[in-house]
Amino acid sequence: MRTDPIRLWLNAHLGLVYVFLYVPILVLIVLSFNKSGLPTTWTGFSTEWYGKLAGNPKILAAAGNSLIVAVASTLISTFIGTLLAMGMEEGKPNPYLDALVAAPMIIPDIVLAIALLSFYTLLNMSLGLQSIVLSHAVFNIAFVCTVVRTRLKNFDRSIVEASIDLGASEVTTFRRVTLPVIAPGVIAAALLSFTLSIDEFIIAYFTAGAGQGSTTFPMQIYAMIRFGVTPEINAIATIVIGFSFLLVLLSQRLNREAA
Amino acid sequence: MNLSRRTILLAPGLGYLALFLVLPCLIIFAYSLFERGTYGGIDYTLTAGNYLRAGSSLFARIFLDSVRIAGTATLVALLIGYPAAYAIAAAPRNRQMALLVLVMLPFWSNYLIRTYAWIVLLNNEGLINRGLESMGVIQEPLPLLYNEFAVVLGLVYNYVPFVILALYSSISRLGPELREASFDLGGSSWTTFRRVTLPLTVPGIAAGAVFVFVLSIGNFVTPDLLGGGQRPMLGNLIYSQYLSARDWPMGSALGFILVLIMLALLFGQAVFAHRAAGEVEARGVPAGAPR
């Protein structure tokens with residue numbers, strides 16, 4: 001292999017891109033352990049900002065709300081989305097169905113947010129965590145369906161027929177044959193929808209209603225950022241970053257085992 | 001029997017999307033054709049006034065600002081993303097996956113937090129200004145935050161991983177054979193890139209560009225937090241029509257226009273990608289891109 005100057009330049013560029021991507025995140029993590037909380041002066045290592053977080057009932061309540069919303073919308077969308085994927089894979093390809101399922105993934109968040117708020121208001125529905133769950137399920141169903149479909153594409157349907165020929169019912173066949181094969185895809189889809197839901201801000205903001213009780217974690221973070229730069233956000237950021245990186249690594253591992 | 005089984009599988013999902021996606025979108029389309037009520041509700045009188053107002057100077061300026069900012073962010077993301085994707089595609093095969101995961105990893109942390117990180121870096125008492133001041137490079141803090149520069153930077157930061165992913169899948173599909181053939185026939189590196197690699201990766205460029213542009217033009221958080229409201233974009237305009245001005249018909253009309261822009265771009269991208277594939281085929285290179 002010759003060391004080509006273009007190759008060197010490309011690799012240097014890639015290195016700089018990683019610096020660009022990771023420096024802001026690393027700065028937040030380092031600052032979260034800074035006693036003064038200021039970005040410019042290091043006054044010693046401290047976990048005091050994490051302690052402040054643990055004693056902040058607003059943040060804890062918001063985190064709890066987000067967890068409820070994410071779990072509920074993940075359960076709904078994993079169930080409905082997996083069925084949808086199976087139904088779509090069984091029949092002839094239908095471009096209209098494909099477009100309908102792609103729509104929630106590409107429609108701008110703000111448009112889905114105003115559409116759902118208008119819909120709920122027209123129905124006189126009371127807004128709160130339940131309306132956020134229903135709203136998040138819209139895009140999550142689409143993502144689950146897409147992820148599970150890629151898994152089903154490599155699925156050998158003859159084993160389903162074999163199971164039915166051997167006298168197993170549809171339900172037994174699904175439980176004992178289909179599900180074990182598509183399980184890694186379903187779990188990866190569930191992890192994806194959990195992550196998307198727990199991070200989602202603008203749709204939740206529009207459909208949460210006026211009550212303080214339905215503030216989600218991103219809504220709380222937004223309010224804190226609007227209020228000003230406070231060191232507590234650095235601690236939140238570090239926890240969120242650690243948590244989401246863990247989830248990604250987990251789903252990576254699942255994908256590798258599935259492949 | 002088989003039909004009913006498929007219907008049972010499809011019904012919950014399609015029903016859900018019909019009820020919570022199609023119907024709400026039809027509702028805002030209908031709202032966009034009505035007048036705003038005196039106290040902020042809907043006055044059910046048909047009008048084209050909202051769409052006419054969208055062309056008025058105030059709204060037109062925000063449209064142009066949004067297009068310029070989203071366009072700049074798209075261009076910068078492509079210029080940064082293309083060489084990066086190329087470098088990953090040229091790396092040893094067993095390392096490519098890890099390099100890609102490393103690109104996508106920051107994207108999985110919360111969008112608000114990634115945006116907040118730039119406030120910490122760019123503000124007047126932030127790391128960059130204080131660092132430059134202490135080194136004596138500048139006396140006064142540079143105006144890095146709450147302007148168009150910060151908005152573009154925030155958008156590029158958040159969306160460049162997607163561009164790299166789209167371009168990587170396009171570049172890595174090429175395989176080395178075509179480039180080697182071009183070298184053997186006497187093409188320089190630059191000629192080979194311009195005449196072989198670049199045209200063949202046009203579909204990937206178009207996909208990445210449309211993606212960044214669509215996400216940028218409808219963005220709310222970045223112009224709000226990094227632009228400080230100085231450079232409102234289409235997303236902020238829809239937000240304020242709905243939640244501040246309480247003019248839902250106007251907000252709906254703007255939302256509908258945003259969807260039209262998105263559909264036009266996606267359609268254009270599909271046509272463009274199709275034509276690019278056709279042109280390559282016409283030159284005698286198989287479009288199925290040899291592995």
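Within every chain, numbering begins at 1; the chains are lettered A, B, ... in the order of the sequence lines, protein sequences first and strands thereafter.
Contact of B:Val22 with chain A is made through the side chain alone, with heavy-atom distances under 4.5 Å. Of the atoms belonging to A:Ile107, heavy atoms from both backbone and side chain fall under 4.5 Å from chain B. With a 4.5 Å cut-off on non-hydrogen atoms, B:Asp224 touches chain A through its side chain but not through its backbone. For chain A, the nearby part of B:Leu17 is the side chain; its heavy atoms alone come within less than 4.5 Å. Contact of A:Val27 with chain B is made through the side chain alone, with heavy-atom distances under 4.5 Å. Looking at A:Ala113, there are no atoms closer than 4.5 Å to chain B (heavy atoms on both sides), in backbone or side chain. Within the 4.5 angstrom heavy-atom criterion, no atom of A:Phe217 approaches chain B. When heavy atoms are compared at a cutoff of 4.5 Å, A:Thr195 approaches chain B solely by way of its side chain, counted from C-beta outward. Residue B:Ile80 touches chain A through both its backbone and its side chain, counting heavy-atom pairs closer than 4.5 Å. Heavy atoms closer than 4.5 Å to chain A are found in both the backbone and the side chain of B:Leu102. Interface residue A:Leu112: only side-chain heavy atoms are found under 4.5 Å from chain B. Of the atoms belonging to A:Tyr120, it is side-chain heavy atoms, and not backbone ones, that fall under 4.5 Å from chain B. Interface residue B:Leu10: backbone and side-chain heavy atoms are both found under 4.5 Å from chain A. In this structure, chain A has a heavy atom under 4.5 Å from the side chain of B:Ile28, while its backbone stays farther away. Using a 4.5 Å cut-off between heavy atoms, B:Tyr242 touches chain A through its side chain atoms alone. Using a 4.5 Å cut-off between heavy atoms, A:Val138 touches chain B through backbone and side chain atoms alike. For chain B, the nearby part of A:Ile6 is the side chain; its heavy atoms alone come within less than 4.5 Å. Proximity to chain B involves both the backbone and the side chain of A:Leu100, based on heavy atoms less than 4.5 angstrom apart. Residue contact with chain B, scored on non-hydrogen atoms closer than 4.5 Å, is absent for A:Leu246.
With respect to chain A, the highest number of heavy-atom pairs below 4.5 Å among B:Ile238, B:Leu105, B:Ile42 belongs to B:Leu105. Residue with the most contacts toward chain A among B:Leu19, B:Ile164, B:Val221: B:Leu19 (heavy-atom pairs, distance under 4.5 Å). In terms of heavy-atom pairs under 4.5 angstrom with chain B, the leader among A:Ala103, A:Ser135, A:Gly242, A:Pro108 is A:Pro108. Of the listed residues (A:Thr82, A:Leu16, A:Ile236, A:Ile106), the one with the most heavy-atom contacts under 4.5 Å to chain B is A:Ile106. Among B:Phe220, B:Tyr157, B:Phe107, the residue making the largest number of heavy-atom pairs under 4.5 Å with chain A is B:Tyr157. Residue with the most contacts toward chain A among B:Tyr111, B:Phe211, B:Trp248: B:Trp248 (heavy-atom pairs, distance under 4.5 Å). Annotation: maximal heavy-atom pairing with chain B below 4.5 Å, among A:Ile241, A:Asn11, A:Leu116, occurs at A:Leu116. Looking only at heavy-atom pairs under 4.5 Å with chain B, the residue among A:Ser118, A:Pro218, A:Ser244 that has the most is A:Ser118. Heavy-atom pairs under 4.5 Å with chain B peak, among A:Ile114, A:Val17, A:Leu10, at A:Ile114. Your options are B:Gly235, B:Ser134, B:Pro83, and the one with the most heavy-atom pairs under 4.5 Å with chain A is B:Pro83. When the candidates A:Leu134, A:Ile25, A:Val240, A:Ile76 are compared by the number of heavy-atom contacts under 4.5 Å with chain B, A:Leu134 comes out ahead. In terms of heavy-atom pairs under 4.5 Å with chain A, the best-connected choice from B:Leu225, B:Leu254, B:Val214 is B:Leu225.
Other residues, nucleotides and ligands contribute over 12 non-hydrogen atoms within 6.0 Å of the CZ atom of A:Phe174. Under a cut-off of 6.0 angstrom, the local environment of CZ in B:Phe267 is sparse, with at most 12 non-hydrogen atoms contributed by other residues, nucleotides or ligands. Heavy atoms of other residues, nucleotides or ligands lying less than 6.0 angstrom from CZ of A:Phe243 number 12 at most.
Counting only residues at least two apart or on different chains, no side chain to side chain donor-acceptor pair (under 3.5 Å) pair has a member in residues 8-28 of chain B.
Atoms CG and CD1, from B:Asn110 and A:Ile221 in turn, are 4.5 Å apart once rounded to the nearest 0.5 Å. One finds the CD1 atom of B:Ile88 at 10.0 Å from the CG atom of B:Leu167 (value rounded to the nearest 0.5 Å). A:Glu200 contributes atom CD, which lies 9.5 Å from atom CG of A:Asn140 (distance to the nearest 0.5 angstrom).
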message: Under the criterion side chain to side chain contact (heavy atoms under 4.5 Å, CB included), I'd like the reasoning laid out for B:Leu145 against B:Asn124: C-alpha separation, chi angles, the key distance, then a yes or no.
response: CA-CA 8 Å; B:Leu145 193 60; B:Asn124 281 351; over 6 Å; no
task: Might you work through the ring-ring contact (aromatic ring centres under 6.0 Å, His included) test for B:Tyr86 and B:Tyr168, ending with a clear yes or no?
output: CA-CA 7 Å; B:Tyr86 199 98; B:Tyr168 166 82; over 10 Å; no
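Each of A:Ser131, A:Ser197, A:Ser73 was checked for a side chain to side chain donor-acceptor pair (under 3.5 Å) with A:His136, and the lone residue meeting it is A:Ser197.
Of all non-hydrogen atoms in A:Cys145 and A:Ala85, the two that sit nearest each other are O-CB, 3.6 Å.
Under the 3.5 Å distance criterion, the side-chain polar atoms of B:Asn158 are matched with a main-chain donor or acceptor of B:Gly154. Proximity of a side-chain donor or acceptor of A:Trp49 to a complementary backbone N or O of A:Leu31 within less than 3.5 Å is not detected. Looking at B:Arg114, its side chain never comes within 3.5 Å of a backbone N or O of A:Pro24 through a donor-acceptor pair.
Ring pair B:Tyr239/A:Phe206 is perpendicular by interplanar angle, where above 60° counts as perpendicular and below 30° as parallel.
Under 4.0 Å is where a charged nitrogen must lie from a carboxylate oxygen, and between A:Arg149 and A:Glu89 at least one such pair does.
Aromatic ring centres of A:Tyr222 and A:Phe201: separated by under 6.0 Å. Residues A:Phe245 and B:Trp108 place their aromatic rings such that the two centres sit no closer than 6.0 Å.
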